[in-house]
Amino acid sequence: MMRFRRTTSYSSHRVSNASFCALIALAGWSCLGTGRRVQAGTLPGHTTKIVLLGTKGGPGIVRDRSEPANLLIVDGQLYLIDAGAGVTRQVARSGYSIYSISTIFITHHHLDHTAGLEPLLGSIELDKAYIKAFTGKSAPPLPIYGPTATTFLVKAALNYISVSERIFRADVPALPSDAGMFIPHDISNDGLVYKDSRITVTAAENTHFGRASYGPDGLRDMSFAYRFDTPAGSVVFTGDTGPSEPVTRLAQRADVLVSEVYQPILQPQSDKKRAPLSPVVAELMQHMKTEHLTPDEVGKMAARAHVRTVILTHISSDDRPQSFAAIKAGIRRWFHGTLIIGKDFTSFELTKNATAQAK
Ligand SMILES: [Zn+2]
C-alpha cells in the first residue's frame, strides 16, 4: 500500500557541526553515530522523502525563498538535487547533515543551480578532514553527477577552496588531504545515469537551453530532468525546462513530479501599451517564454504523464495571491491529481510497507 504524507514542519533530526564534533573528539569521544547520520524512517518498509530546500526560480537573493536545491532521502540515504546559493545552510536548517549527503545531482549549470556548490564542497571537505583528524575514520568519496562540464565545475570549486586551504595547511601541515574526496561524473546522454542498492536514476535532456553553447572541452552544454525510482515510489525532477516530450515520457506514471513553473507577470489592461522592448529584455522574455513552463504547460505535462502528485518548486513569479491563484488555475485546467505549491522546507513522504513491497 502506498501512503502519501505531506508535512511543512522542520525535521526533528538534530545534527552536530564539525567544530562541535572536534570539541567532542578532543574530549575523547566520537560524535559519529550520535546524530550525524540520519536514521531511516521509523515506519515499516520503505520511505522516500522529498525536502524542498530552495524554491525560488532564477538567480537573485530574496528573503523567503532560497535558490534551487532539493533533498531526496531514500530509506535514510541523502541525495541532493541542485546546489543553489545558500544550500549548505538550507541543509543544516532542514535538520540534516551535509556530511550525510551520499550523492549530488546537478540538473544544469546555470548559476542559480550551482552557486552553492563551492561553499558546500568546502564545508564538506572541512567536516571530513576534521572527522578524519579526530577519529581516524575516512568518509567515502562523494560522487557529483551533472551534465557535461560538471568535472570542470568541480575542479573550479576545488581551485577556489585551495587558496584558503593552502594558507590553513601552513599552520596545520598534518591536515588530511582532500585528494579523491569528490568524484565528478559528466552526463552526456539520456538514459540510466546512476544506480545503487536503493535508487535508479534516469536522465532526459530537456528544452531549457534553446541555443547551443559549448564548454572548454568542446562538448555541448546540456540540461537534464532526472527520474528517481525508489522502493517507495518514483520522483521526477523536471529541472528547468520548456515543454518537452522526453521529460513527459520520463515522468510517465511517476508518483511525484517536482516541477518548475513560470507565471508571467499579470498586467492590468491599461499597462499593456508600452514602448518597444530593448534587445536584452526581449531576449530574456523569449527565454522565459520558451525555456520555462507556464502553469498550463505544467498541467498538460502532468496530465499526459499520468503522475499522481505535482509539487511546484523553482517558482518564477511574484508573491501576490493573484499570481498563485493563476498558477493553480492554469494547472487545474489540465491536471486533477494532488497539487502542492512548495515553500522552502516543505517536505513530502512516500511510504511503502513491507507487505506491499514483497508483492
Ligand atoms: Zn533555474
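All figures in this text were calculated on a predicted structure; none of them were measured in a lab. Remember, it's 1-based here, ligands and their atoms both numbered in the order they're listed. Heavy-atom basis, side chains included; hydrogens, waters and symmetry copies ignored.
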*Of Thr88, Ile161, Val87, which meets side-chain contact (heavy atoms from CB on, under 4.5 Å) against Ser123?*
Thr88
*Is His110 close enough that one of its N/O/S atoms sits under 2.8 Å from the Zn ion (ligand 1)?*
no
_Would you say the Zn ion (ligand 1) has His113 as a near neighbour, meaning an N/O/S atom of that residue under 2.8 Å away?_
yes
*Could Arg227 and Asp229 be called an ion pair, given the rule that one side-chain N must be under 4.0 Å from one carboxylate O?*
yes
*Out of the N/O/S atoms in Asp240, what is the name of the one closest to the Zn ion (ligand 1)?*
OD2
*asked:* Looking at Arg211 and Glu291, is any side-chain nitrogen of the basic one under 4.0 Å from a carboxylate oxygen of the acidic one?
replied: no
*Rounded to the nearest 0.5 Å, how far does CG of Asn206 lie from CD of Glu260?*
8.5 Å
*Provide the atom name of the closest N, O or S atom of Asp112 relative to the Zn ion (ligand 1).*
OD2
